[in-house]
Structure formats: structure tokens, C-alpha cells
Amino acid sequence: GDVHFYKNNQIIKCQTLEYKELLNEKDFLLHLYNQAELIDSSKQLFGDTLDIYYKDSLIQNINIKSNAKFLNYRYAKYNVNKKAQRIEDNITSNRMYINFDKGNVVSMHLSEMATTNFNVLEDTLVKGLSHSSGDSIFIDIEKNIINRMQMFGGVQGIFTPEKNNTKVDSTVTYEADYIDYQVNNEMSYLYNNAMVNYDSNELKAGEIIVDWNSNKLNAKMKDSVYP
């Protein structure tokens with residue numbers, strides 16, 4: 001019990017640890033059981049059970065099998081004239097699979113009760129806080145920044161703008177069966193049972209396209225559902 005394992009700049013904690021070396025001595029698997037944690041300078045991962053695959057001594061992927069939680073840290077500004085400060089993104093689900101490239105997270109798959117709470121940035125300026133939930137969520141990440149989220153099954157979300165940092169001046173709530181949120185393009189595509197509520201105005205349609213940069217909505221008929 002109370003196992004601590006140190007690898008590179010990572011601290012790994014759990015109650016029980018199994019180490020399995022593969023054919024290449026730099027490739028190995030770690031199986032972590034009970035109160036499992038992985039901590040480094042920019043992130044923390046938690047779960048009941050974690051499987052970590054190392055290739056050439058770097059993490060290749062992590063499989064969190066239950067009660068998954070991922071905390072990501074980066075530096076950003078709430079005011080363009082102020083210093084950057086540490087901010088936190090919070091991602092949870094029952095199961096979570098994370099892919100790495102050269103030690104950096106590049107994609108995540110959340111399944112069962114998936115939620116994301118992340119800060120939307122432009123350069124280093126915080127534009128707002130995005131909260132989303134759904135049955136499953138696929139996330140693409142580049143340079144520690146979320147590029148795209150594809151969300152499936154009873155998706156609901158809230159965007160809370162940071163005052164003076166964005167053209168969006170009121171909280172936006174939205175829902176759909178499937179949402180493709182292209183963060184890097186500042187576009188959201190809502191499909192089937194789509195709804196957006198903004199500044200006390202509610203729009204329902206079969207398909208809704210949100211342009212976050214221009215602050216415009218485009219609603220379309222889909223499967224006989226009219227705006």
C-alpha cells in the first residue's frame with residue numbers, strides 16, 4: 001500500500017502497482033490500482049485503476065478504467081495588461097483514454113458521464129469558460145490547447161464569457177444530440193434537437209451553426225425540424 005513511483009518528472013501514486021517490462025527495455029507497462037494518481041508540472045490524472053504504457057521511456061497512452069479525472073494547468077491572462085497566471089482545466093468521465101506524442105497529450109476519449117470545464121483562449125488571453133457534458137467526448141489537443149471537441153449523446157453546454165475579452169456579452173447555453181466544437185476555428189456545429197439560448201433569446205432547429213468570432217447563428221432545417 002501507499003506506493004510511490006518516480007519517472008522523469010512524474011510522480012505516480014497508488015495502493016498497488018504492477019510493473020511489466022516489454023521486449024525493448026525502454027518499453028513497459030504500469031498497472032496502478034486503488035487511489036491511482038499521476039502528477040507532473042502541467043497535469044494531474046486520477047482514477048481507481050490506471051494502465052500506463054511507456055515507449056522509449058515516454059508515456060504513449062493512459063487508460064483510466066473508472067472514476068477518471070484530468071486536471072490540466074497552463075498560464076493565461078484575464079486582462080491583457082496584467083501578468084499571466086496559472087489556470088486550471090478540469091475533465092472528468094467514468095472511463096478515459098489518453099494518447100501522447102513525445103510526452104505531450106494529443107487526444108482524449110471520454111466515455112460515460114463525460115464533462116469538460118476548460119478556459120477558451122486567444123493567444124494567452126482568457127475569452128471565457130466552457131462547460132460541456134455528454135455521454136462521450138472526443139478531444140483533439142495541440143501544444144496543450146484544445147483544438148476540437150466532438151460530443152455525443154444528450155450534449156449540454158454553457159459558455160460564460162470573460163468580460164471585455166470577447167464579442168460574446170452574455171452567457172450562452174446550448175444542447176444537441178451531437179456537437180462538433182472546433183475551438184481553433186471558433187465554430188460550433190449542433191445537430192439534431194439543437195438549441196441555443198443567448199441573451200434571453202432561444203433558438204431551436206434541426207441544425208445550428210455558431211460562429212463565436214462574429215457572434216452569429218445560422219439555423220437550418222434537418223429531418224423536418226424547422227428553426
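One-based numbering along the sequence shown.
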Is the closest side-chain donor-acceptor distance between [X] and [Y] under 3.5 Å?
| X | Y | answer |
| --- | --- | --- |
| Asn144 | Asn104 | no |
| Thr92 | Thr115 | yes |
| Ser107 | Asn99 | yes |
| Asp180 | Gln182 | yes |
| Asp177 | Asn193 | yes |
| Glu142 | Asn147 | yes |
| Glu112 | Asn94 | yes |
| Asn61 | Tyr97 | yes |

Which heavy atom of [X] sits nearest a heavy atom of [Y], and at what distance?
| X | Y | result |
| --- | --- | --- |
| Trp212 | Phe159 | CZ3-CD2, 3.8 Å |
| Lys55 | Asp27 | CA-OD1, 3.3 Å |
| Ile91 | Met96 | O-CE, 3.8 Å |
| Arg74 | Asp89 | NE-OD2, 2.8 Å |
| Glu175 | Leu190 | O-CD2, 3.7 Å |
| Ile59 | Gln10 | CD1-NE2, 3.6 Å |

Are [X] and [Y] packed together at the side-chain level, in the sense that at least one heavy-atom pair is separated by less than 4.5 angstrom?
| X | Y | answer |
| --- | --- | --- |
| Tyr75 | Lys83 | no |
| Ile208 | Leu203 | yes |
| Gln85 | Tyr78 | yes |
| Phe152 | Asp135 | no |
| Met151 | Ser132 | yes |
| Tyr54 | Gln60 | no |
| Tyr174 | Ile179 | yes |
| Asp140 | Val106 | no |

Return the [atom1] to [atom2] distance between [X] and [Y], rounded to the nearest 0.5 Å.
| X | Y | atom1 | atom2 | value |
| --- | --- | --- | --- | --- |
| Leu50 | Leu45 | CG | CG | 6.5 Å |
| Met108 | Ile139 | CE | CD1 | 5.0 Å |
| Tyr19 | Leu17 | OH | CG | 10.0 Å |
| Leu29 | Ile52 | CG | CD1 | 10.0 Å |
| Phe46 | Leu32 | CZ | CG | 12.5 Å |
| Ile141 | Ile146 | CD1 | CD1 | 5.5 Å |

Give a yes or no answer on whether the side chain of [X] reaches the backbone of [Y] with a donor-acceptor pair at less than 3.5 Å.
| X | Y | answer |
| --- | --- | --- |
| Asp40 | Ser42 | yes |
| Asn119 | Glu88 | yes |
| Asp2 | Cys14 | no |

Using the ring of each side chain (for Trp, its six-membered ring), is Phe118 parallel, tilted or perpendicular to Tyr181, with breaks at 30° and 60°?
tilted
Over 60° means perpendicular and under 30° means parallel, so tell me whether Phe138 and His109 are parallel, tilted or perpendicular.
parallel
Is there a path of hydrophobic side-chain contacts, each under 4.5 Å between heavy atoms of I/L/V/M/F/W/Y residues, joining [Y] to [X]?
| X | Y | result |
| --- | --- | --- |
| Leu38 | Val3 | yes |
| Ile39 | Val105 | no |
| Ile145 | Val183 | no |
| Tyr178 | Ile209 | yes |
| Val172 | Val126 | no |

For Asn117, the side-chain hydrogen bond (donor to acceptor under 3.5 Å, both in side chains) test, sequence neighbours excluded, returns His131
Working for side chain to side chain contact (heavy atoms under 4.5 Å, CB included), residues Tyr189 and Gln150:
CA-CA 10 Å; Tyr189 300 86; Gln150 297 179 79; over 6 Å; no
So, are [X] and [Y] salt-bridged, with charged N and O less than 4.0 Å apart?
| X | Y | value |
| --- | --- | --- |
| Glu37 | Lys69 | no |
| Lys77 | Asp123 | no |
| Asp48 | Lys65 | no |

Full working for side-chain hydrogen bond (donor to acceptor under 3.5 Å, both in side chains) between Gln44 and Tyr73:
CA-CA 9 Å; Gln44 297 184 56; Tyr73 300 101; 2.9 Å; yes
Does the salt bridge (charged side-chain N to carboxylate O under 4.0 Å, His left out) test come out yes or no for Lys204 and Glu202, once each step is laid out?
CA-CA 7 Å; Lys204 293 183 177 181; Glu202 185 173 284; 3.7 Å; yes
Quick note, side chain to side chain donor-acceptor pair (under 3.5 Å) partners involving residues 158-171, not counting sequence neighbours, are Asp169-Tyr198
Steps toward side chain to side chain contact (heavy atoms under 4.5 Å, CB included) verdict (Met113, Ser93)
CA-CA 5 Å; Met113 297 182 293; Ser93 61; over 6 Å; no
